[in-house]
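Take a look at the structure set out below.
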Amino acid sequence: MDLRSHLEDLIPEQQERLKKLKKEHGNVQLGNITVDMVIGGMRGMTGLLWETSLLDPDEGIRFRGLSIPECQKVLPAAFPEGEPLPEGLLWLLLTGKVPTKDQVNALSKDLRTRASVPDHVYKAINALPETAHPMTQFTTGVMALQVQSEFQKAYEKGISKAKFWEPTYEDALNLIAQVPVVAAFVYRRIYKGGQVIPADDSLDYGANFSHMLGFDSKKMQELMRLYVTIHTDHEGGNVSAHTAHLVASALSDPYLSFAAALNGLAGPLHGLANQEVLLWIKNVVEECGENITTDQLKDYVWKTLNSGKVVPGFGHGVLRKTDPRYTCQREFALKHLPEDPLFQLVSKLYEVVPPILTELGKVKNPWPNVDAHSGVLLNHFGLTEARYYTVLFGVSRSIGICSQLIWDRALGLPLERPKSATMELLENQCKKATLTSKA
């Protein structure tokens, strides 16, 4: 039933697999680097080893080879036909194997024993003004947790590199267990007068997070299980995942690495987008009313675009179809809140926005992404504070980031140090290429 025991068996196999890959195929080329890629934020470059998930432009995210619909079918749930338990996905990400319900229950119990947060963490957060953004307060709490890092203590004592993964495992699971407690504290501090709700040890990870936030309905608990599961990981190239990997490559511990990732997640072009979507939708309702017609909605979308802004929640840096994370949330809404006015508005946007973005001709992917839907679901069940939504994303992302950090240590991945170029170098290279082609 013990997750760590499974990893102890798996790690030597994967270490040998990586060693063989590097020795026998290290010179195999994966593609050509273009000037566009260098200038365009390294977009599309294959340059990271990320074991826990892979993003396909057409199929969407696969967690250890399993799509989101497949995960919903095979991962253990709290009850039959329910949403998958996040603990089950954590097991899958770490081992590559679908856990049994007993294994998930054991892991859930283990996480509950690790969830106690020291008082100094709350004091650090309380030192900030309540008006500080929820992500600022959340990241401060994670940084305050860092003083308990097992990896840092072991490194200072002189641990063997072959054993780096062991204290990293302890840090990672402690961090995953504690971030919902810290996140709930931030929510209750800002929005509920500081009235903290203790954890309920009878509840699973997602349901307990919902409970500590102050939402005990069965449907909200199910939504939180789904939300945490689908937001855990999105391969290694997105800002938060890549940041954690980069910082950890310097042998920074999981707390430092995850805190850095949260600062990337807080950017408007990454995790903050889920906040922006709901605020934009509420502006539509405020200006046009809940019973907005399709033609009115088209006009509002064009008004947004013509003002130089984007329609939040549409498009993706990699995906070229509707985000499967959007689709499963839509299915949840159709099952549990089909009459919700904001959900009906989101459905209309699904019909209206893609054709307009296609007509505009500047967008490679006009389809909705994960952020287009999550805010409406949370809003329906009473979590209406849009500024807080990115914190929920951060709690979820801890599972994927920490899973990969364990494997970073187990596989002995090196310091990340890509080569940069000046514009002069690029111009000279282009001149050489031009002369060569003419010759």
Side-chain angles (χ1 to χ4, degrees), residues 2-12 14-15 51-52 87 90-91 93-95 106-127 137-183 185 199 205 240-241 243-264 394-395 397-417:
D2 180 49
L3 177 59
R4 178 167 173 153
S5 298
H6 282 263
L7 282 177
E8 287 173 346
D9 291 338
L10 278 172
I11 284 172
Q14 296 303 308
Q15 288 172 333
E51 286 290 279
T52 49
E87 299 94 314
L90 172 58
W91 187 291
L93 293 180
L94 277 173
T95 68
L107 178 54
S108 188
K109 182 179 179 181
D110 182 23
L111 291 172
R112 286 196 295 271
T113 66
R114 297 170 179 266
S116 179
V117 172
D119 286 341
H120 74 263
V121 174
Y122 303 126
K123 290 177 182 177
I125 296 171
N126 282 332
Q137 299 191 40
F138 183 41
T139 308
T140 298
V142 171
M143 283 300 300
L145 285 171
Q146 190 274 340
V147 299
Q148 66 187 5
S149 172
E150 295 296 327
F151 180 83
Q152 183 189 41
K153 294 172 188 174
Y155 189 82
E156 289 174 352
K157 289 178 182 177
I159 187 174
S160 163
K161 186 176 181 181
K163 292 183 176 293
F164 277 1
W165 78 268
E166 295 179 11
T168 300
Y169 175 90
E170 298 303 320
D171 279 356
L173 263 69
N174 288 338
L175 179 58
I176 291 168
Q178 291 168 335
V179 289
V181 182
V182 175
F185 178 83
Y205 190 88
S240 56
T243 300
H245 179 79
L246 171 64
V247 174
S249 79
L251 293 186
S252 298
D253 62 61
Y255 298 94
L256 296 173
S257 304
F258 183 61
L262 289 177
N263 288 325
V395 170
R397 193 47 60 92
S398 70
I399 293 176
I401 284 175
C402 287
S403 296
Q404 181 59 40
L405 287 185
I406 293 168
W407 278 105
D408 285 356
R409 296 288 184 261
L411 297 173
L413 297 188
L415 178 70
E416 185 176 309
R417 179 59 170 88

Looking only at heavy atoms, which two atoms of Ser116 and Gln178 are closest? And how far apart? O-NE2, 3.0 Å

Of the non-hydrogen atoms in Leu93 and Gly400, which two are nearest, and what is the gap between them? CD1-CA, 3.9 Å

What residues form a side chain to side chain donor-acceptor pair (under 3.5 Å) with Thr139, not counting sequence neighbours? none

Looking at residues at least two apart in the chain, or sitting in another chain, which of them share a side-chain contact (heavy atoms from CB on, under 4.5 Å) with Ala106? Met1

Partners meeting side chain to side chain donor-acceptor pair (under 3.5 Å) with Ser403 (sequence neighbours left out): none

In terms of relative ring orientation, are Phe164 and Tyr155 parallel, tilted or perpendicular, with 30° and 60° separating the classes? tilted

Roughly how far apart are Arg114 CZ and Glu170 CD, rounded to 0.5 Å? 4.5 Å

Less than 4.5 Å apart, side chain to side chain, heavy atoms only: is that true for Pro118 and Leu145? yes

Taking side-chain contact (heavy atoms from CB on, under 4.5 Å) as the test, write out the residues that go with His6, two or more places apart. Trp91, Thr95, Gln103

CH2 (Trp407) and CG (Leu94) are apart, to the nearest 0.5 Å, by 8.0 Å

Asp110 side chain near Leu3 side chain, heavy-atom distance below 4.5 Å: no

Could you check whether Lys123 pairs with Asp119 (Lys NZ or Arg NE/NH1/NH2 to Asp/Glu carboxylate O, under 4.0 Å)? no

Which atom pairs, donor and acceptor, lie under 3.5 Å between side-chain atoms of residues 243-260 and protein residues at least two apart or in another chain?
unit_1	atom_1	unit_2	atom_2	d
Thr243	OG1	Val239	O	2.6
His245	ND1	Asp408	OD2	3.0
Ser249	OG	Leu246	O	2.6
Ser249	OG	Glu416	N	3.0
Ser252	OG	Val247	O	3.4
Asp253	OD1	Tyr255	N	2.9
Asp253	OD1	Leu256	N	3.0
Asp253	OD2	Gln146	NE2	2.7
Tyr255	OH	Gln148	NE2	3.0
Ser257	OG	Ala248	N	3.4
Ser257	OG	Ser252	O	3.4
Ser257	OG	Asp253	O	3.0

In the structure I gave you, are the side-chain heavy atoms of Leu173 and Leu107 within less than 4.5 Å of one another anywhere? yes

Any donor and acceptor pair, going by atom type alone, linking the side chain of Gln404 with main-chain N or O of Glu51 inside 3.5 Å? yes

Could you tell me whether a side-chain N or O of Glu150 sits under 3.5 Å from a main-chain N or O of Thr168, the two making a donor and an acceptor? no

Go through the structure and list residues passing side chain to side chain donor-acceptor pair (under 3.5 Å) with Ser398, not counting sequence neighbours. none

Rounded to the nearest 0.5 Å, how far does CD of Glu87 lie from CD1 of Ile399? 7.5 Å

What I'd like to find out is whether the side chain of Phe185 reaches to under 4.5 Å of the side chain of Val181, using heavy atoms alone. no

Within the structure provided, determine whether Ile176 and Tyr205 are in side-chain contact (heavy-atom separation under 4.5 Å). yes

According to side-chain contact (heavy atoms from CB on, under 4.5 Å), who are the partners of Asp2, at least two apart in sequence or on a separate chain? Arg4, Ser5

Go through Val182 and Val395 one step at a time and tell me if the side chain to side chain contact (heavy atoms under 4.5 Å, CB included) criterion holds. CA-CA 9 Å; Val182 175; Val395 170; over 6 Å; no

For Asn263, side chain to side chain donor-acceptor pair (under 3.5 Å) partners two or more places apart: none

Determine yes or no for a side-chain-to-main-chain donor-acceptor pair under 3.5 angstrom, with Gln15 supplying the side chain and Ala410 the backbone. yes

Heavy atoms of Ala261 and Ile401 approach each other most closely as CB-CD1, 3.7 Å

Between Phe138 and Ile125, is the side chain to side chain contact (heavy atoms under 4.5 Å, CB included) condition met? List the steps. CA-CA 8 Å; Phe138 183 41; Ile125 296 171; over 6 Å; no

Show every side chain to side chain donor-acceptor pair (under 3.5 Å) that has at least one partner inside residues 156-165, sequence neighbours left out. none

